[in-house]
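Report on one structure; see the data block that follows.
Position 1 is the first residue of the sequence; numbering continues from there.
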Amino acid sequence: MARAFLFVLDSFGIGGAADAERFGDSGSNTFAHIAEACAAGKADREGLRRGALKVPNMLALGLGRAGALAAGFSFGQDAPQLLPSSFHGAADEVSSGKDTPSGHWEIAAVPVPFEWGYFAQTEPAFPAALTDAIIKEGNVPGILGNCHASGTEIIARFGEEHIRTGKPICYTSADSVIQIAAHESHFGLERLYELCLIVRKLVDPLNIGRVIARPFDGESPADFERTANRRDFAVPPPEPTLLDRLVERGSRVIGMGKIGDIFAHRGVSVVRKAASNMALFDKTLIAMDDARDGDLVFANFVDFDTLYGHRRDIAGYAAALEEFDRRLPEALARLKSGDLLLLTADHGCDPSWQGSDHTRERVPIIGTLPGASGGPVGLRNTFADIGETVAEHLGLPPGRHGASFHKTISARA
């Protein structure tokens, strides 16, 4: 058996989802709109980046061709020659949401067959009974927010009142989620986690996908900053995922970043976290060295989504893509003949789009299988094809969902 490395560039959609109109996202395209803004000089920022989007290593894995397949987008640059053994394609999502758990579970070969619960676009957003239960069972004097909001904006708005009163800041978004922001020292990090566990039980009857702890520090809106101690309290997947199948077989799944939280720590042998994309990349390289035959290293690079997509920061997103791309050769250099490296995304979060929520998009499938033929894998009907391809590569029998494209890319070069 060889090894597999699955990297999720959180929110790096490539447009074209067949049902985007149902979500109000028809025309969204994270990749294309960032590239177009860069080409037009609209993503220049002094001291950060300038000019056209520079991602030559992902282009050499087929990103440009994946973008053209997904949404007819022509990157408009002289693309480098494709790397030998590289493969490329795109995938539609069949799960009903455009959220993190749905995207990751489907990547791991378990689409979400049900509708998540959501909170109304009203103020207050939460049912009165839920608010009363949070206050009573969480032993807090009240809550602040109780609305749809951007995380950084709502902390700036209510942070000082939170410090003064001890009331946690509770808010939601278009996702199936309730987020709770609290000050790490004034409120206490462990107390925040305990409150989130209480709320997790309270929202289970509402079919809410995640409760997210959003700790922050600072003393005023000028210096409030979310810390790296975020924690997601998710419901478990509805059936065994690729991760469960691997662990049951005796292989290890090394979950990088928030992978453990997304899967409710089911099917994850080792959890390794870091405070930023590049710190996580450093740890992921170590995990690649640690991986044995039959193991999966599954990494989520969340900064694309949380720091740039949701904040509609095109220049920041472009710079983060370029930074990731510059590090990619370090991962490629660690691959042995027969290893599989696959890069994808879990949804879109177009930084040029209205609002601050995720966008319903197709995702890229790019990567390499050193020593094999590689090639195009086409437009896949479900993200689950990714998980089934990893499963076949690691010697697992087929699962219930998705179709592997492993045979398409694994002929000897």
**OP:** Look at the side chain of Asp303 and the backbone N and O of Ser276, then say whether any donor-acceptor pair between them is shorter than 3.5 Å.
**Re:** no
Original post:
Does Ser404 use its side chain to pair, donor to acceptor, with the backbone of Glu392 at less than 3.5 Å?
Top reply: no
**OP:** For Glu248 and Arg245, run salt bridge (charged side-chain N to carboxylate O under 4.0 Å, His left out): C-alpha distance rounded to whole Å, both residues' side-chain angles, the deciding distance at 0.1 Å, then the answer.
**Re:** CA-CA 5 Å; Glu248 184 179 1; Arg245 291 153 63 190; over 6 Å; no
**OP:** Say whether, by atom type as modelled, one donor and one acceptor occur between the side chain of Thr408 and the main chain of Val377 under 3.5 angstrom.
**Re:** no
Original post:
Does Asp385 use its side chain to pair, donor to acceptor, with the backbone of Ala91 at less than 3.5 Å?
Top reply: no
Subject >> Residue pair His393 / Glu388, side-chain donor-acceptor N/O under 3.5 Å >> reply: no
**OP:** Output the distance between atom NE2 (His183) and atom CG (Leu189), rounded to the nearest 0.5 Å.
**Re:** 11.5 Å
Kindly list each side-chain donor-acceptor pair under 3.5 angstrom involving residues 4-25, sequence neighbours excluded, with atom names and distances?
{"from": "Asp10", "atom 1": "OD2", "to": "Lys258", "atom 2": "NZ", "distance (Å)": "3.4"}
{"from": "Asp10", "atom 1": "OD2", "to": "Asn300", "atom 2": "ND2", "distance (Å)": "2.9"}
{"from": "Ser11", "atom 1": "OG", "to": "Tyr317", "atom 2": "OH", "distance (Å)": "2.7"}
{"from": "Asp19", "atom 1": "OD1", "to": "Arg360", "atom 2": "NE", "distance (Å)": "3.0"}
{"from": "Asp19", "atom 1": "OD2", "to": "Arg360", "atom 2": "NE", "distance (Å)": "3.4"}
{"from": "Asp19", "atom 1": "OD2", "to": "Arg360", "atom 2": "NH2", "distance (Å)": "2.9"}
{"from": "Asp25", "atom 1": "OD1", "to": "Trp353", "atom 2": "NE1", "distance (Å)": "3.2"}
{"from": "Asp25", "atom 1": "OD2", "to": "Lys98", "atom 2": "NZ", "distance (Å)": "2.7"}
{"from": "Asp25", "atom 1": "OD2", "to": "Arg360", "atom 2": "N", "distance (Å)": "2.8"}

Original post:
Do the side chain of Ser356 and the main chain of Ser150 share a donor and acceptor less than 3.5 angstrom apart?
Top reply: no
**OP:** Test side chain to side chain contact (heavy atoms under 4.5 Å, CB included) on Leu63 and Phe75 and set out the steps.
**Re:** CA-CA 9 Å; Leu63 176 60; Phe75 188 57; over 6 Å; no
Original post:
How far apart are the C-alpha atoms of Glu153 and Arg157, what are their side-chain angles, what is the distance that settles it, and do they pass the salt bridge (charged side-chain N to carboxylate O under 4.0 Å, His left out) test?
Top reply: CA-CA 6 Å; Glu153 179 274 329; Arg157 183 163 27 130; 2.9 Å; yes
**OP:** Quick one: do Leu335 and Met288 satisfy side chain to side chain contact (heavy atoms under 4.5 Å, CB included)? Show the steps, please.
**Re:** CA-CA 8 Å; Leu335 299 177; Met288 293 180 74; 3.8 Å; yes
Original post:
Quick one: are Val203 and Val199 in side-chain contact, heavy atoms under 4.5 Å?
Top reply: yes
Subject >> Gap between atom CD1 of Ile107 and atom CG of Leu242 - 0.5 Å precision >> reply: 11.0 Å
Subject >> Backbone of Pro124 reached by a side-chain donor or acceptor of Asn146 within 3.5 Å >> reply: no
Original post:
Under 3.5 Å, side chain of Asp44 to main-chain N/O of Gly51, donor-acceptor pair present?
Top reply: yes
Original post:
Can Asp132 and Lys136 be said to form a salt bridge (charged side-chain N to carboxylate O under 4.0 Å, His left out), step by step?
Top reply: CA-CA 6 Å; Asp132 292 344; Lys136 179 180 179 181; over 6 Å; no
**OP:** Examine the side chains of Ser102 and Asp99 and answer whether a donor and an acceptor come within less than 3.5 Å of each other.
**Re:** yes
Original post:
Are the ring centres of Trp116 and Tyr118 closer than 6.0 Å?
Top reply: no
Original post:
Can you check whether Gln179 reaches Thr172 side chain to side chain, under 4.5 Å on heavy atoms?
Top reply: no
Original post:
Hey, mind stepping through Ser220 and Glu160 against side chain to side chain donor-acceptor pair (under 3.5 Å) and telling me if it holds?
Top reply: CA-CA 6 Å; Ser220 71; Glu160 289 180 317; 5.2 Å; no
Enumerate donor-acceptor pairs with a distance under 3.5 Å from any side-chain N or O in residues 226-239 to protein atoms, sequence neighbours excluded.
{"from": "Thr227", "atom 1": "OG1", "to": "Glu184", "atom 2": "OE2", "distance (Å)": "2.5"}
{"from": "Thr227", "atom 1": "OG1", "to": "Asn229", "atom 2": "N", "distance (Å)": "3.3"}
{"from": "Asn229", "atom 1": "ND2", "to": "Glu184", "atom 2": "OE2", "distance (Å)": "2.7"}
{"from": "Arg230", "atom 1": "NE", "to": "Asp232", "atom 2": "OD1", "distance (Å)": "2.7"}
{"from": "Arg230", "atom 1": "NH2", "to": "Asp232", "atom 2": "OD1", "distance (Å)": "3.4"}
{"from": "Arg230", "atom 1": "NH2", "to": "Asp232", "atom 2": "OD2", "distance (Å)": "2.9"}
{"from": "Asp232", "atom 1": "OD2", "to": "Arg210", "atom 2": "NH1", "distance (Å)": "3.0"}
{"from": "Glu239", "atom 1": "OE1", "to": "Arg400", "atom 2": "NH1", "distance (Å)": "2.9"}
{"from": "Glu239", "atom 1": "OE1", "to": "His401", "atom 2": "NE2", "distance (Å)": "3.3"}
{"from": "Glu239", "atom 1": "OE2", "to": "Arg400", "atom 2": "NH1", "distance (Å)": "2.9"}
{"from": "Glu239", "atom 1": "OE2", "to": "His401", "atom 2": "NE2", "distance (Å)": "3.2"}

**OP:** Taking only Lys NZ, Arg NE, NH1 and NH2, and the carboxylate oxygens of Asp or Glu, determine whether Asp295 and Arg3 approach each other closer than 4.0 Å.
**Re:** no
**OP:** Salt-bridge test for Glu330 and Arg334: reply yes if a basic N is under 4.0 Å from a carboxylate O, no otherwise.
**Re:** no
Subject >> Side-chain ion pair, Arg272 and Asp282, N-O less than 4.0 Å >> reply: no
Original post:
Taking 4.0 angstrom as the limit, do Asp244 and Arg266 come out as a salt bridge?
Top reply: yes
Original post:
Measuring from Ile134:CD1 to Asn139:CG, what's the distance to the nearest 0.5 Å?
Top reply: 13.5 Å
Original post:
Roughly how far, to the nearest 0.5 Å, is SG of Cys170 from CG of Leu144?
Top reply: 8.0 Å
**OP:** Could you pull out the closest heavy-atom pair between Gly145 and Ile154, with the gap in Å?
**Re:** CA-CD1, 3.9 Å
Original post:
Any idea how Phe298 and Phe263 line up, ring-wise: parallel (<30°), tilted (30 to 60°), or perpendicular (>60°)?
Top reply: tilted
Subject >> Asp204 atom CG, neighbour heavy-atom count above 12 within 6.0 Å >> reply: yes
Original post:
Would you call the rings of Phe31 and Phe73 parallel, tilted or perpendicular, where under 30° means parallel and over 60° means perpendicular?
Top reply: perpendicular
Subject >> Inter-residue atom distance His148.NE2 - Tyr171.OH, 0.5 Å rounding >> reply: 12.5 Å
Original post:
Tell me, do Thr100 and His347 make a side-chain contact under 4.5 Å, heavy atoms counted?
Top reply: yes
Subject >> Exam field: side chain Ser352 to backbone His33, donor-acceptor pair closer than 3.5 Å >> reply: no
Subject >> Contact check, side chains of Asp339 and Leu369, non-hydrogen atoms, under 4.5 Å >> reply: no
Subject >> Rounded distance (nearest 0.5 Å) linking atom CD1 of Ile366 with atom CG of Leu328 >> reply: 7.5 Å
**OP:** State whether the side chain of Arg312 and the backbone N or O of Gly355 hold a donor-acceptor pair below 3.5 Å, judged by distance alone.
**Re:** yes
Subject >> Side-chain donor or acceptor of Ser251 paired with backbone N/O of Val247 under 3.5 Å >> reply: no
Original post:
Do His186 and Phe216 have their ring centres less than 6.0 Å from each other?
Top reply: no
Original post:
Should the pair Phe281 and Phe301 be assigned to parallel (<30°), tilted (30 to 60°) or perpendicular (>60°) ring geometry?
Top reply: tilted
Original post:
If we ignore angles and hydrogens, is there a donor and acceptor under 3.5 Å between the side chains of His310 and His358?
Top reply: yes
Subject >> Stepwise salt bridge (charged side-chain N to carboxylate O under 4.0 Å, His left out) check, Glu93 with Arg362 >> reply: CA-CA 7 Å; Glu93 184 172 10; Arg362 289 172 174 153; over 6 Å; no
**OP:** Check the pair Asn57, Asp325 against side chain to side chain donor-acceptor pair (under 3.5 Å), reporting the backbone distance first and the verdict last.
**Re:** CA-CA 6 Å; Asn57 296 302; Asp325 192 82; 3.1 Å; yes
Original post:
Less than 4.0 Å between a side-chain N and a carboxylate O, is that true for Arg49 and Glu322?
Top reply: yes
Original post:
Glu361 and Thr30: side-chain donor and acceptor closer than 3.5 Å?
Top reply: yes
